[in-house]
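The structure appears below as structure tokens.
Small disclaimer: the values here were computed from a predicted structure and weren't measured. Every chain is numbered from 1, with letters handed out A, B, ... down the list of sequences.
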2 protein chains.
Amino acid sequence: MGDLMTTPKSMKQAISTSIRSTLLELGSATKAELSEALDISFPTISKFLGQMGKEGEVLELGQDDSSGGRRAKRYAYNPEYSLGLAVFLEKSATHYALFNCAGKVKEQGTEASVLTGNSIELLEALITGCLEKHPKISSLSIGVPGAINNGRVIYIPDYGQLQDFDLKTHLEKRFSMPTAVENDMNAAVLGYHRHQGMSAEQSLVYIYLGQNGPGAGIMVNGDVVRGSTFFSGEISLIPQYDQANFWQALEQKNRNDALGRMVASISAILNPHQIIFSYEDISQSELKEITEASSQFIPSEHLPELISSDWKQDYLHGLKSLGLRLMLNPN
Amino acid sequence: MGDLMTTPKSMKQAISTSIRSTLLELGSATKAELSEALDISFPTISKFLGQMGKEGEVLELGQDDSSGGRRAKRYAYNPEYSLGLAVFLEKSATHYALFNCAGKVKEQGTEASVLTGNSIELLEALITGCLEKHPKISSLSIGVPGAINNGRVIYIPDYGQLQDFDLKTHLEKRFSMPTAVENDMNAAVLGYHRHQGMSAEQSLVYIYLGQNGPGAGIMVNGDVVRGSTFFSGEISLIPQYDQANFWQALEQKNRNDALGRMVASISAILNPHQIIFSYEDISQSELKEITEASSQFIPSEHLPELISSDWKQDYLHGLKSLGLRLMLNPN
DNA sequence: CCAACTTATTAAACTTCTTTAATAAGTTTT
DNA sequence: AAAACTTATTAAAGAAGTTTAATAAGTTGG
């Protein structure tokens with residue numbers, strides 16, 4: 001039975017973290033508002049906020065207009081208190097983005113591909129460079145186009161040095177900094193989900209139609225679905241016609257019928273709230289045709305909303321969100 | 001952000017609940033063992049156990065053999081301290097089972113069908129009868145062959161009185177007792193998962209091949225998958241051949257090939273650890289053939305283990321587990 | 001069989017959050 | 001402009017778990 005109980009020991013951490021995220025979520029707040037929102041007593045909030053103010057983590061914005069009595073002070077999280085570094089490992093290049101606690105990107109750039117260069121040193125050099133320029137960096141999040149198990153690269157074709165390598169632990173030791181390593185599609189669903197402020201109940205499937213075959217990232221009950229062998233979302237292999245799976249059908253048969261069947265399969269099994277495509281892969285008019293095709297198999301009231309979104313953005317949001325969580329929650 | 005933090009207010013409940021479940025899980029324990037297992041200080045455990053002993057909730061089993069010093073007292077949860085009632089609403093009849101905290105069934109029986117009788121009064125009469133005979137009953141769990149949203153019957157064909165009825169709230173008010181209402185397939189996966197002591201990471205799909213068409217219960221990351229319109233697991237509608245969905249294929253095409261494609265679809269999307277069939281639906285030799293059929297679509301290392309299990313038992317375990325959780329965790 | 005040593009349990013001191021009371025700082029009314 | 005009233009903040013008292021010290025109950029070796 002997974003123990004998720006806050007013992008008095010871990011209390012301090014839990015309170016700090018929840019104050020941080022609420023402050024960022026609300027933009028700013030008074031002590032009373034925080035106490036109300038978090039169900040933590042006023043004096044406790046006051047004490048923590050005092051400490052965080054002293055360390056520059058929280059800023060005083062001034063006074064609220066009076067609501068009839070003494071005016072309340074308004075506080076905000078200092079978005080520049082710490083920075084996060086997100087690195088996107090891709091075949092052709094390695095991108096990186098530096099963001100603050102408010103999620104604002106402060107700097108981004110592109111370097112030679114760590115993957116084709118096939119050397120972790122390249123990645124380490126990139127990180128070292130950023131760290132020297134920005135000593136406030138306090139979290140790393142790495143996106144990888146391969147199967148990841150708890151920070152370890154399980155399967156990444158063609159890039160030998162990373163194969164079966166525990167990247168998370170390696171980087172955490174190397175830079176003594178909390179690090180997240182996540183698959184690209186999983187980061188994208190996560191990013192879309194969190195950026196849209198969706199609730200845990202809302203399940204999503206994010207579809208990618210690349211030249212290496214289609215793939216999907218899946219979120220159910222607020223968590224990414226990984227599968228027993230980290231093979232979930234390999235939708236290219238769904239059987240669809242007498243003789244063709246989804247990938248084959250995409251190329252050999254009617255594209256929108258194949259896509260419609262894929263949506264139908266996912267709906268029959270998972271019945272997600274939304275299925276998201278990259279706007280680069282699919283146009284709005286195609287979405288309509290796909291919906292129509294899938295409604296030949298599934299009653300339309302049970303079909304998901306088909307959305308087109310910006311994959312790169314969602315991927316970035318995903319890595320930002322992972323990094324942010326590490327920055328706010330020093331475990 | 002879903003607040004899952006134990007404030008000092010809810011502390012007492014959280015500690016009691018965790019002591020209860022650990023005691024039941026381990027069978028018996030010393031105070032030191034509980035303190036160790038739960039990461040709660042010895043004095044606190046001691047205090048709570050004292051209180052629970054006074055109320056008859058916990059029994060003293062005697063002394064352990066000495067491990068070199070003073071002998072430790074051994075405690076166990078009193079399995080008869082409270083009982084749970086599980087009710088299985090089925091088309092042809094209504095079954096019920098009475099079980100104690102250790103999960104042991106103390107009594108079971110069958111009554112006229114609440115569904116075809118189409119009257120909630122029948123259900124209430126059954127429960128009232130049990131309650132009079134066994135005043136220690138302290139939880140209700142109801143299994144329903146229909147879509148359930150948070151205790152409300154969302155969709156159940158042919159049984160008008162239950163349609164769109166908040167059964168959970170109704171029964172909780174009527175009998176002032178914590179109540180769980182769950183779909184039959186969902187209860188079965190849950191029961192299998194918990195009874196096998198599986199971890200949250202292990203995902204399952206429980207397949208049922210009834211005369212009303214196949215259906216499935218799905219568990220991912222330790223939670224039941226419900227879908228946006230509570231339509232998840234409606235695998236009968238998976239497109240499989242040029243012109244046939246799964247249900248049609250089951251009847252018109254080669255049965256094991258259809259089943260193999262169904263397994264392949266689920267594996268390509270979810271990649272679960274196991275797919276479970278009712279032993280009444282599928283024989284061991286058929287399982288092999290299905291595996292073979294699905295391996296034409298999916299590399300075998302990514303295929304789930306195909307299991308045959310006792311559906312009725314798993315369903316019972318599911319309702320027991322839901323009831324037990326309510327008995328141990330008075331919210 | 002008693003001294004030396006282990007281990008379990010109880011008691012006392014400590015920490016930390018909450019609740020309640022007191023004080024400070026505004027606003028409005030007369 | 002002072003009295004009456006609101007609301008924010010600070011201070012003191014209370015509650016509940018943890019840590020540390022003290023005591024009780026066994027075991028073992030000379």
Side-chain angles (χ1 to χ4, degrees), chain A residues 3-23 26 28-55 58-76 330, chain B residues 3-23 26 28-55 58-76 330:
Chain A
D3 239 18
L4 24 97
M5 193 170 99
T6 319
T7 56
K9 301 163 195 169
S10 56
M11 203 69 179
K12 216 174 253 176
Q13 277 310 329
I15 292 176
S16 297
T17 302
S18 65
I19 289 180
R20 289 191 187 99
S21 40
T22 307
L23 224 36
L26 300 178
S28 69
T30 65
K31 290 178 179 174
E33 285 168 7
L34 282 173
S35 168
E36 167 74 13
L38 294 171
D39 200 28
I40 293 171
S41 74
F42 189 99
T44 301
I45 296 285
S46 201
K47 190 180 113 193
F48 277 81
L49 231 42
Q51 181 58 29
M52 289 162 115
K54 213 177 285 171
E55 292 177 9
V58 164
L59 304 174
E60 235 170 82
L61 289 190
Q63 318 241 107
D64 266 22
D65 287 343
S66 169
S67 54
R70 175 171 170 177
R71 288 152 65 187
K73 283 187 193 156
R74 180 155 290 277
Y75 299 86
Chain B
D3 238 19
L4 23 98
M5 193 171 99
T6 320
T7 56
K9 301 165 193 166
S10 55
M11 202 68 180
K12 215 173 253 176
Q13 277 311 328
I15 293 177
S16 298
T17 302
S18 64
I19 290 180
R20 289 189 187 101
S21 38
T22 307
L23 225 37
L26 301 178
S28 70
T30 65
K31 289 177 179 175
E33 285 168 6
L34 282 172
S35 169
E36 166 73 12
L38 294 171
D39 200 29
I40 293 172
S41 74
F42 190 98
T44 300
I45 296 285
S46 200
K47 191 180 112 193
F48 277 80
L49 232 42
Q51 182 58 28
M52 290 163 116
K54 214 177 283 170
E55 291 175 8
V58 164
L59 304 172
E60 235 171 83
L61 288 190
Q63 318 242 108
D64 266 21
D65 287 343
S66 170
S67 55
R70 174 171 172 177
R71 289 151 65 186
K73 282 187 192 155
R74 181 155 287 278
Y75 299 87

Margin query: For a quick check under 3.5 Å, do A:R74 and A:T30 share a side-chain donor-acceptor pair by atom type?
Written below: no
Next item on the list: Please round to the nearest 0.5 Å and tell me the distance separating atom NZ of B:K73 and atom OG of B:S28.
Entry: 15.0 Å
Next item on the list: Nearest-nucleotide wise, let me know which of A:S41 and A:R70 is further upstream toward the 5' end of DNA chain C.
Entry: A:S41
Notebook entry, point to check: More than 12 heavy atoms of other residues, nucleotides or ligands under 6.0 Å from CD of B:Q63: is that the case?
Noted result: yes
Next item on the list: Send over the distance from A:K12 NZ to C:dC17 P, rounded to a whole Å.
Entry: 7 Å
Next item on the list: Specify the separation, in whole Å, of atom CD of A:Q63 and atom C1' of C:dG26.
Entry: 10 Å
Next item on the list: Would you indicate whether the side-chain heavy atoms of A:S35 and A:I40 approach each other to under 4.5 Å?
Entry: no
Check: Mapping A:R71 and A:I45 onto DNA chain C by nearest heavy atom, which one lands closer to the 5' end?
Finding: A:I45
Next item on the list: Starting from the 5' end of DNA chain D, give me the residue, B:I40 or A:A32, whose nearest nucleotide shows up first.
Entry: A:A32
Notebook entry, point to check: Can you find a pair of side-chain heavy atoms, one from B:T17 and one from B:R20, that are under 4.5 Å apart?
Noted result: yes
Item checked: Interface limits on DNA chain D, where chain A has a heavy atom under 4.0 Å of a nucleotide atom -> D:dT6 to D:dT19
Note to self: Quick check: do B:L49 and B:L34 have side-chain heavy atoms less than 4.5 Å from each other?
What the structure shows: yes
Notebook entry, point to check: Base, sugar-phosphate, or nothing: which does B:T30 touch, judged by heavy atoms less than 4.0 Å apart?
Noted result: nothing
